[in-house]
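Take a look at the structure set out below.
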Amino acid sequence: MVTVNENYLLLKSSYIFSEINRRVEDFQRKNPDADVIRMGIGDVTRPLPSAVVEAFHRAVDEMAHEETFMGYGPEQGYPFLREAIAENDYASRGVEVSPEEIFISDGAKCDTGNIQEIFGQDNVVAVTDPVYPVYVESNVMAGRAGPADETGRYSGLVYIPCTEENGFIPALPEEKVDLIYLCYPNNPTGTALTEKQLAEWVDYARDSGSIILFDAAYEAYIQEDGIPHSIYEVEGAREVAVEFRSFSKNAGFTGTRCAFTVVPEELEVPDSQGRMHSLKELWNRRQTTKFNGVSYPVQRAAEAVYTPEGQREIRESIDYYMENARIIRESLESAGLRYYGGVNAPYIWIKTPEGMDSWQFFDMLLNEAEVVGTPGSGFGPSGEGYFRLTAFNSLKNTVRAMERISELSF
Ligand code: PLP
């Protein structure tokens with residue numbers, strides 16, 4: 001008899017976004033003239049840079065002619081893109097990453113979700129809390145997480161709280177953990193780690209034999225000095241860290257799909273007999289078995305991100321979003337709300353007013369300001385009492401939403 005993978009049955013329903021939609025629809029039905037502004041969106045809104053679009057068009061035209069047509073490409077990605085990444089994202093910052101250590105993919109979501117496959121079943125997984133849900137749920141599906149309690153906390157995972165009390169800086173775990181997911185700049189809190197703070201984690205991983213899975217999808221939003229753009233800026237990280245990057249949030253590729261994962265040559269993990277194995281070789285084996293590469297035009301489009309014109313245009317878009325973030329921060333300040341983030345990330349993490357939980361604050365903003373955000377409890381138990389706004393709306397809508405919030409009294 002066929003049976004299902006029962007680990008899937010342990011997943012909590014992805015209640016948060018359906019519940020948001022239900023409440024917004026209900027509100028709009030009762031208030032047909034309401035002009036609701038969505039400040040919860042995690043998707044970019046600005047179009048692809050023109051340098052990217054031109055390269056994309058040229059590559060599509062190549063596909064139309066027998067002499068230039070491209071079929072299957074290398075599963076790891078074309079050398080032209082891997083070399084451009086090694087040069088522009090790493091060598092230019094004094095970081096050593098070779099093109100052979102870079103694996104092109106169609107998203108950091110897939111890569112952060114799939115990476116756990118190359119690790120043993122018994123590894124203890126640690127996540128920061130609140131968290132990007134993919135790290136948690138991919139381990140639930142794999143059977144490493146066990147059942148969840150009523151707050152959504154899975155019994156088999158180690159949660160590292162990031163709250164106002166610790167300045168959103170994750171404390172090193174007291175118990176032994178094997179795989180540690182870190183995302184900096186962080187979604188959802190919008191906070192970043194300094195080089196010194198990240199170095200503590202790298203040192204911990206080196207001492208304890210654990211591996212850090214470092215998601216740097218929001219690296220391009222870093223504005224301040226002293227915040228590492230790559231974990232490999234920290235000494236010793238090549239021996240303990242995998243890094244995930246994406247073209248989604250820096251260059252508007254959310255609908256185009258291109259990302260990459262760096263697995264350094266030095267990364268080795270033992271099997272149960274104590275024999276060491278190269279993680280790069282295991283990831284290569286996984287990718288060549290299950291993945292057939294990103295389309296040629298998309299990789300040419302991604303390559304164009306590194307042209308001077310591409311760089312100028314992506315900087316312009318990031319500046320646009322970060323201006324929205326600045327407006328949000330200033331408005332929250334004048335409304336008397338406590339908030340975090342929005343300086344090195346497009347996310348602003350609001351502390352809900354005294355006595356109000358995440359959903360009560362959601363309802364208040366919806367009813368009184370017609371503004372929609374995301375209740376922090378949707379990102380993990382420690383997200384309760386917080387609320388996420390994003391800088392990804394238009395400037396006009398951001399200004400209007402913030403004017404409305406400024407008029408409320410908390
Ligand atoms: N990692 C984090 C922390 C994210 O917030 C997101 C998207 O919101 C992703 C990864 C997904 O990136 P991609 O579009 O490359 O799959």
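Whatever order the structure lists ligands and atoms in, that order sets their numbers, starting from 1. The analysis underlying the following values was restricted to heavy atoms, covering all of them including side chains, and did not include hydrogens, waters or symmetry mates.
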Using a strict cut-off of under 4.0 Å between a residue heavy atom and any atom of ligand 1, list the qualifying protein residues by chain and number. G107, A108, K109, Y132, Y135, C183, N187, D215, A217, Y218, S246, S248, K249, R257

Check E19 with R23, please: is the shortest side-chain N to carboxylate O separation under 4.0 Å? yes

Taking it one step at a time, do Y347 and Y218 satisfy ring-ring contact (aromatic ring centres under 6.0 Å, His included)? CA-CA 10 Å; Y347 297 117; Y218 296 97; 5.2 Å; yes

Listed by chain and number, what are the side chain to side chain contact (heavy atoms under 4.5 Å, CB included) partners of A205, not counting sequence neighbours?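 Counting only residues at least two positions away or on another chain, A205 forms a side chain to side chain contact (heavy atoms under 4.5 Å, CB included) with S210, I212, V240.
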
Taking only residues two or more places apart in sequence, or in another chain, which ones meet E316 in a side chain to side chain contact (heavy atoms under 4.5 Å, CB included)? R46, R312

Mind jotting down which residue pairs meet the salt bridge (charged side-chain N to carboxylate O under 4.0 Å, His left out) criterion with at least one end in residues 328-348? Sequence neighbours excluded, please.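 Pairs touching residues 328-348 that pass the test: E164-R338, R326-E330.
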
Could you check whether any side-chain N or O of Q360 sits under 3.5 Å from a backbone N or O of D357, counting only pairs where one atom can act as donor and the other as acceptor? yes

